[in-house]
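Here is the structure we will look at, set down as structure tokens.
Each ligand, and each atom within it, is numbered from 1 in the order the structure gives. For the numbers below, each heavy atom of this structure counts, side chains included, while hydrogens, waters and symmetry mates do not. Residues take their numbers from the sequence shown, with the count starting at 1. All values derive from a computational prediction rather than experimental measurement.
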Amino acid sequence: MGKNLKTKFIGKKIIEFKTINSTNTYLKEIGNIENEGTVVISEEQTGGRGRLGRRWVSSHGDGIYMSMLLKPKIKVEKSPFITIIAGASIVKALNDFGINAMIKWPNDIVINGKKICGILTELNSHMEKINYIVLGIGINIKKLDFEEDIKNMATSIYKEGYEISRKDLFNSILYEFENLYLDYIKYDEKNEVLNICRKYSAIINKKVYIVNNNKKELAFCIDINDNGNLLVKVNDNIIEISSTEVSIRGEDCYI
Ligand code: BTN
């Protein structure tokens, strides 16, 4: 990993493992001493973690399990947009390889309505100051068998009929991410990210369930606004939903 990488600083240092419990957990432990852009990647995770306390199945050689260390000098409240940038960079990289992937806002990537990639962003901050962010990305590349409880929701790039090299995809995601990330933290520029999210959205102009603390509400997705929040219509009221709050489910399927 790392050969032919065209980035300025993301992935200048790559720490590679054959196996580890979780790349996010490991990077959080060394976040204070490593430089921005350090990437940890493993061929397998024995305790891969997902959002909302869920697990992330990370079997050997079946995917990309990686985490990047970011140290942006921005206010804490501007950090959730970094997850949106990651989603945009992944969906762009995949589509540039001819893979018809879409974003299920805010941070899942789907192919044919099933999830192939999730993002887990973890923040370490003190008194409104960001010390560091660990941005974890899990992508199912080759996995063919999924456990009963996630079978209807999860798939892999290979299972959907596409082939891609793990290394090429890794390089391309880092490259796309760095460009969009630098535009955001230097110039507060979000337009390209938002355009990618709209172009490849799996939910805009669709009815979805918004799930929040066991409450489930059917809503029509209108757009993603300039803050990266989702605008939905519920019973004739237009509501803005922040990316940190909710899960989205399709009306009668995963999405
Ligand atoms: C989700 O969709 O719930 C997020 C999944 C994030 C999984 C990745 S794999 C690499 C990194 N290390 C972890 O333990 N989790 C993230």
Side-chain angles (χ1 to χ4, degrees), residues 1 10-11 14-31 34 37-70 79-80 82-91 93-94 101-111 113-124 132-143 146-147 149-157 166-167 169-170 173-174 177 197 202-203 208 211-212 230 243-250 254-255:
M1 290 293 174
I10 304 259
I14 300 179
I15 306 173
E16 291 186 56
F17 288 94
K18 287 231 173 314
T19 183
I20 195 169
N21 61 345
S22 152
T23 54
N24 262 40
T25 306
Y26 178 78
L27 192 49
K28 271 163 55 177
E29 281 161 13
I30 55 171
E34 290 292 337
T38 296
V39 171
V40 178
I41 182 159
S42 184
E43 286 174 25
E44 170 192 68
Q45 293 183 121
T46 51
R49 296 186 289 109
R51 282 177 78 216
L52 309 170
R54 299 190 189 115
R55 75 207 156 98
W56 184 262
V57 179
S58 317
S59 41
H60 188 266
D62 279 341
I64 291 178
Y65 317 118
M66 70 159 159
S67 304
M68 333 177 183
L69 184 64
L70 304 171
S79 63
I82 290 177
T83 309
I84 311 271
I85 299 176
S89 58
I90 298 164
V91 88
L94 287 165
M102 303 188 97
I103 302 189
K104 175 175 156 289
W105 181 94
N107 45 18
D108 292 348
I109 308 295
V110 297
I111 298 180
K114 288 185 174 184
K115 178 162 170 173
I116 56 132
C117 164
I119 302 165
L120 176 66
T121 311
E122 298 187 279
L123 175 76
N124 181 305
Y132 58 82
I133 290 172
V134 170
L135 179 74
I137 297 173
I139 306 177
N140 299 330
I141 297 187
K142 288 191 188 156
K143 198 168 170 58
F146 291 88
E147 288 164 31
D149 55 332
I150 55 170
K151 223 177 188 160
N152 297 329
M153 301 186 267
T155 189
S156 67
I157 295 175
R166 184 169 173 263
K167 185 167 139 283
L169 182 58
F170 172 84
I173 290 171
L174 264 46
F177 177 81
C197 289
I203 62 170
V208 295
V211 187
N212 191 0
L230 186 68
S243 59
T244 48
E245 289 167 356
V246 295
S247 293
I248 305 278
R249 286 287 176 273
Y254 179 63
I255 202 67

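Protein residues with a heavy atom closer than 4.0 Å to ligand 1 are Ser22, Thr23, Asn24, Gln45, Gly48, Arg49, Gly50, Arg51, Trp56, Tyr65, Met66, Ser67, Asp108, Lys115, Gly118, Ile119, Leu120, Gly136, Ile137, Gly138, listed by chain and number.
Applying the ring pair (Phe, Tyr, Trp, His ring centres under 6.0 Å) rule to Tyr65 yields no partners; only residues at least two apart in sequence or on another chain are considered.
Checked by atom type, the side-chain pair Glu44/Ser59 shows no donor-acceptor distance below 3.5 Å.
Residues Ile116 and Ile141 have side chains not in contact (no heavy-atom distance under 4.5 Å, counting atoms from C-beta outward).
A cation-pi geometry, defined here as NZ or CZ lying under 6.0 Å from the six-membered ring centre and within 45° of its normal, does not hold between Lys28 and Tyr26.
The pair Arg55-Glu147 counts as a salt bridge, with a side-chain nitrogen and a carboxylate oxygen less than 4.0 angstrom apart.
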Task: Verdict with supporting geometry, Glu122 and Arg49, salt bridge (charged side-chain N to carboxylate O under 4.0 Å, His left out) - done: CA-CA 11 Å; Glu122 298 187 279; Arg49 296 186 289 109; 2.8 Å; yes
